[in-house]
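Only one structure is covered here, and it is reproduced in the block below.
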Amino acid sequence: MIEEFFTYGVLGIFAGLIAGMFGIGGGLIIVPILIASFIGSNFDGEIIVHLAIGTSMATIVFTGLASAYTHYKNKAVVNSYFKFISYGIVFGALTGALFTVQIPGEYVKKFIGILIGLIVIQIFFDLKFRLTNNGPSQRLLVLSGSGIGFLSSILGIGGGLFTVPYLKNIGLSLKKSIGTSSACGIPIAIFGSLGYVILGLNEAKLPMLSFGYTYLPAVVGISITSVFSARIGGNLAHFFSSNTLRNLMCILLVCIAFYMFSI
């Protein structure tokens, strides 16, 4: 058990740094490594991917709070966008969890890899779209939040994979997009993890110390260290230039996409 907590603690350090720097909630690191860890622990293959996603969502609650607070202090959170996107996130995150438990884990892994690849293309080539010259309407922000919450809950991430490019394309700077995305990751994680807990309560194949599709030792180990490292990552984001952040994010995402297809 001590060995297990140590492993999850180290994972939490990296997840927190990633969450703070790029506003992506750390889930892109947590989910693939948890899948590998659960396979090594001989958990039932049918529930491994869903357990990894649900556990990731729970840890992001703590990582997201630390990361968002740091960005908020640096005045990088745009409250007007955060407010209306969050309304949609509540609905999207809950329905995303309900949808995911119906999908075989192998398909979920491939879906993650494909989506990451598409996002890398968008970020690297800086593809843009403009809805209006005056920015998005409140209704559109709510609808966008629903889609972001839905997809993020499926993938077990804090939403930054979608929220950062979305906010950047509707007019925010990269740093404010990252900061606002970090704040949006909090409701995604809270309502997404709630969905996975409820939907997994009657699953007989889950290992001991699970609470629904949430593995408590991993939640505790990752959360303890990620809370501190997320604040460091948040400060690092304001140290690098926007171009450097973009290039580092693309390299990270490409590596993760290949990994998800290989496991």
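Heads up: numbering here begins at 1 and tracks the sequence.
- Here the closest non-hydrogen pair linking Ile48 and Phe43 is CD1-O, 3.5 Å.
- The side-chain heavy atoms of Ile222 and Leu34, taken from C-beta on, include a pair separated by under 4.5 Å.
- With hydrogens and angles disregarded, a donor-acceptor distance shorter than 3.5 Å links the side chain of Ser86 to the backbone of Phe82.
- Tyr8 and Thr225 form no side-chain donor-acceptor contact under 3.5 Å, judged by distance and modelled atom types alone.
- Annotation: Phe91, atom CZ; neighbour count of heavy atoms from other residues, nucleotides and ligands within 6.0 Å does not exceed 12.
- Counting only heavy atoms from C-beta outward, the side chains of Ile157 and Phe162 approach each other to under 4.5 Å.
- When atom types are taken as modelled, the side chain of Ser177 and the backbone of Ser173 share a donor-acceptor pair closer than 3.5 angstrom.
- Pro217 approaches Phe5 most closely through the heavy-atom pair O-CE2, 3.5 Å.
- Put simply, the side chain of Asn74 reaches to within 4.5 Å of the side chain of Thr70, judged on heavy atoms.
- A donor-acceptor contact shorter than 3.5 Å links the side chain of Ser229 to the backbone of Ile13.
- Residues Val31 and Leu155 form no side-chain contact, since every pair of their non-hydrogen atoms from C-beta on lies 4.5 Å or further apart.
- With no hydrogens or angles considered, no side-chain donor-acceptor pair links Tyr196 and Thr214 at under 3.5 Å.
- A continuous path of Ile, Leu, Val, Met, Phe, Trp and Tyr side chains, each step under 4.5 Å between heavy atoms, connects Ile39 with Ile53, placing both in one hydrophobic cluster.
- Side-chain contact check for Thr244 and Ser241: at least one donor-acceptor pair (N or O, by modelled atom type) lies under 3.5 Å.
- Ile188 is listed as a side-chain neighbour of Met57, based on a closest heavy-atom distance under 4.5 Å.
- Enclosure of atom CG in Asn79 by more than 12 non-hydrogen atoms of other residues, nucleotides or ligands within 6.0 angstrom is indicated.
- Here the two rings, on Tyr72 and Tyr69, have centers that are 6.0 Å apart or farther.
- Phe99 has its side chain out of reach of Thr95: every pair of non-hydrogen atoms, C-beta onward, lies at least 4.5 Å apart.
- Remark: side-chain polar atoms of Thr59 are paired, donor with acceptor, to backbone N or O of Ser56 under 3.5 angstrom.
- More than 12 non-hydrogen atoms from other residues, nucleotides or ligands lie less than 6.0 angstrom from NZ of Lys175.
- Note: the hydrophobic cluster containing Ile30 does not contain Val197 (ILVMFWY, side chain heavy atoms under 4.5 Å, direct or indirect links).
- At a threshold of 4.5 Å between non-hydrogen side-chain atoms, the residues Leu199 and His50 do not count as touching.
- Put simply, the side chain of Ser153 gets close to the backbone of Ala93: a donor and an acceptor are under 3.5 Å apart.
- Crowding of Lys110 atom NZ: a count of heavy atoms from other residues, nucleotides or ligands under 6.0 Å exceeding 12.
- Of the possible donor and acceptor atoms, none in the side chain of Ser210 sits under 3.5 Å from a partner among the backbone N and O of Tyr213.
- Between Ile170 and Leu167, some side-chain heavy-atom pair lies under the 4.5 Å cut-off.
- Clustering ILVMFWY residues whenever any of their side-chain heavy atoms sit less than 4.5 angstrom apart, transitively, puts Phe228 in a cluster other than the one holding Val219.
- Using modelled atom types, one finds a donor on one side chain and an acceptor on the other under 3.5 Å when comparing Glu4 with Tyr215.
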